[in-house]
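Structure first, then comments.
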Amino acid sequence: MPSRLTPSSTAAAPVLSASPALADFSARLIAWQRQHGRHDLPWQNTRDAYRIWLSEIMLQQTQVSTVIPYYARFLERFPDVAALAAAPLDDVMALWAGLGYYSRARNLHRCAQAVVELHGGAFPASVEALAELPGIGRSTAAAIASFAFGARATILDGNVKRVLARVFGVEGFPGEKRVENAMWTLAESLLPSNAGNAEVSAYTQGLMDLGATLCMRGKPDCERCPFAPDCVANVSGRQRQLPAARPRKAVPTRRTWMLVLCDGDAVMLEKRPPSGIWGGLWSLPEAADEAALAERAREFGGDGAVSPLAPLTHTFTHFKLDIEPRLAELDRAGGGSAVLGDAETVWVPLRNIDAYGVPAPVRKLLDGLQGSLI
DNA sequence: GAGGCGTGGGA
DNA sequence: TTCCCAAGCCT
């Protein structure tokens, strides 16, 4: 239990400005978690590695309240890893639609198949083996290993980074490699020694609970925190400065034209490439400008008329997207539904959009269409 | 190893 | 409105 940690690099500025003597960090955290932590989340109170894994993947960069309904739908549809592995990827994408970061869904499916084919349908118990699986990194592997198998391994997610930065006064932006490495080392050093399964689970859950329910970014509830007397941020009044904020950068704006090609109450969707934004989802055909979109409409069998719909904007983490939707009708007299090019397309009645994995803003657009147009 | 990758909600 | 980013991983 280092009461004083220093960064490995001698040239770099010190990561820690101070360090409280917290030899009993884990004991205090476990005691706090048992009395004040969360115990009734849908993925708690189980040792089923499948359920724990599913929740951890969904919770990556995603808040608890957002995950809960998705988690319930997934479990109902795919009660075990074999069911998920056997399902078509398209079905997985459809259930994931709206949750974001769609590479998680593709990796989820690949991971289920790897567990079935490489591990006989049972998740491996070690952090190292877990981290070999698609979509499972160092932190998620530790979460699964500790919750499902009682492994003594530390997580390092946004909650933990915030807690460590404040309690131990870790300087620097945690997204920076040097800072993150120091936090991994610190987190490892804080693990409870000689802990049983229950203690390990309570410790890991306690890290998350403390960050999520007390040590929040905006208004940390320091008065209820078990580490308040020793917390560098609390003692020095620097809760707002720790952890250091991400360096600012301007987000670019992109513009795209989307084709709403209708045949009665059905609309044409096009499958997006497996990687990149909205990878693997079904979306509206796009073009870089108005003329190019009109050309695509003709290729798909449109009757030549293209009318504007209300534009919308969608903000991603790293850019803003202005969407210009254009409505066109299929030319039935002209032989219609010919689809040129090699893109995979499908005609879907608006009421059946749910069966396809559609990006959130496109889904919103089509929902509005169903109410106003037909 | 720096940047790509969604969405919704809070301040 | 605008900014920030939440139970991170992959390339």
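Side chains are part of it too, since the values below use all heavy atoms of this structure and drop only hydrogens, waters and symmetry mates. Every chain is numbered from 1, with letters handed out A, B, ... down the list of sequences.
Taking 4.0 angstrom as the limit, A/Arg363 places none of its side-chain polar atoms (N or O) nearer than this to OP1 or OP2 of B/dG6. For B/dG3, neither phosphate oxygen OP1 nor OP2 lies less than 4.0 angstrom from any side-chain nitrogen or oxygen of A/Lys177. Between A/His314 and B/dG6 there is no side-chain N or O to OP1 or OP2 distance below 4.0 Å. Dashed line: the shortest gap from a side-chain N or O of A/Trp278 to OP1 or OP2 of B/dT7 is under 4.0 Å. Residue A/His318 has a polar side-chain atom (N or O) positioned under 4.0 Å from OP1 or OP2 of B/dC5. Residue A/Tyr102 places at least one side-chain N or O closer than 4.0 Å to OP1 or OP2 of B/dT7. A/Gln61 has a side-chain polar atom (N or O) that falls below the 4.0 Å cut-off from OP1 or OP2 of C/dG8.
Listed nucleotides C/dC5, C/dC9, C/dA7 differ in distance to A/Arg162; the shortest reach to its side chain belongs to C/dA7. Of the candidate nucleotides C/dA7, B/dT7, C/dG8, C/dG8 has the atom lying nearest to any side-chain atom of A/Gln60. Distances from the side chain of A/Lys364 to the nucleotides B/dG8, C/dC9, C/dA7 place B/dG8 closest. Distance from the side chain of A/Tyr101 is smallest for B/dG6 among the nucleotides C/dA6, B/dG6, C/dA7.
At whole-Å resolution of the value, CG in A/Leu108 and C1' in C/dC10 are 16 Å apart. Across the protein-nucleic acid pair, A/Ile277 atom CD1 and B/dG3 atom P stand 17 Å apart, rounded to whole Å. In this entry the distance linking CE of A/Met58 with C1' of B/dG8 reads 16 Å, nearest Å. To the nearest angstrom, P of B/dG6 lies 9 Å from CE of A/Met93. A/Glu176 places its CD atom 12 Å from the C1' atom of B/dG1, with the value rounded to the nearest Å. Whole-Å rounding puts the A/Arg51 CZ to C/dA7 C1' distance at 19 Å. Rounded to whole Å, the distance from CD1 on A/Ile144 to C1' on C/dG8 is 12 Å. Taking atom CG on A/Leu130 and atom P on C/dG8, their separation rounds to 17 Å, with Å as the unit.
Residue contacts shown for A/Ala360 are limited to sugar-phosphate atoms, with no base heavy atom under 4.0 Å away. When heavy atoms are screened at a 4.0 angstrom cut-off, A/Thr317 is found touching base atoms of the nucleic acid. Within the 4.0 angstrom heavy-atom criterion, no nucleotide atom of any strand lies near A/Gly175. A/Gly218 comes within 4.0 angstrom of no nucleic acid atom, judged by non-hydrogen atoms across all strands. Heavy atoms of A/Leu41 sit under 4.0 angstrom from at least one base atom. Within 4.0 Å of A/Ile136, counting heavy atoms only, lie sugar-phosphate atoms of the nucleic acid but no base atom. Among the heavy atoms of the strands, none lies under 4.0 Å from A/Val67. Across all strands, A/Arg38 comes closer than 4.0 Å to base atoms (heavy-atom distances). Note on A/Thr140: only backbone sugar-phosphate atoms sit closer than 4.0 angstrom, heavy atoms only; bases stay farther off. No engagement by A/Trp96 is indicated, since no non-hydrogen atom pair under 4.0 Å with the nucleic acid exists. At a threshold of 4.0 angstrom between heavy atoms, the contacts of A/Lys161 with the nucleic acid are absent.
The aromatic ring centres of A/Phe316 and A/Trp278 sit less than 6.0 Å apart.
In the interface, the side chain of A/Thr62 is paired with the base of B/dG6 through a donor and an acceptor atom under 3.5 Å apart.
Put simply, the side chain of A/Arg104 gets close to the backbone of A/Leu99: a donor and an acceptor are under 3.5 Å apart.
A salt bridge links A/Asp354 and A/Arg363; the closest N-O separation between the charged side-chain nitrogens and carboxylate oxygens is under 4.0 Å. In summary, A/Arg34 and A/Glu199 engage in a salt bridge, as defined by a charged side-chain N under 4.0 Å from a carboxylate O. Salt bridge annotation for A/Arg298-A/Glu295: present, with a cationic side-chain nitrogen under 4.0 angstrom from a carboxylate oxygen. Of the charged side-chain nitrogens involved, none lies within less than 4.0 Å of a carboxylate oxygen, so that A/Lys219 and A/Asp221 do not count as a salt-bridged pair. For A/Glu180 and A/Arg138, the salt-bridge test fails: no basic side-chain N is under 4.0 Å from an acidic carboxylate O.
Here the separation of C/dC9 from B/dG8, taken at their P atoms, is 23 Å to the nearest Å. C/dA7 and B/dA2 are spaced 24 Å apart, taking the P atom of each and rounding to whole Å. B/dG3 and C/dC5 are spaced 16 Å apart, taking the P atom of each and rounding to whole Å.
Contact detail for A/Ala297 and A/Ala328: the closest heavy-atom pair is CB-CB, 4.5 Å. Residues A/Thr140 and A/Ile57 approach most closely at CG2-CD1, 4.1 Å, considering heavy atoms.
For DNA chain B, no neighbouring residue in residues 205-212 of chain A is found when judged by any heavy atom under 4.0 Å.
Comparing A/Arg104 and A/Thr315 by the nucleotide of DNA chain C that holds the closest heavy atom to each, the one mapping nearer the 5' end is A/Thr315.
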Do any side-chain atoms of residues 279-286 of chain A form donor-acceptor pairs under 3.5 angstrom with protein atoms, and if so which ones, sequence neighbours left out?
unit_1, atom_1, unit_2, atom_2, d
A/Trp282, NE1, A/Asp90, OD1, 3.4
A/Trp282, NE1, A/Asp90, OD2, 3.0
A/Glu286, OE1, A/Thr256, OG1, 2.6
A/Glu286, OE2, A/Arg272, NH1, 2.8

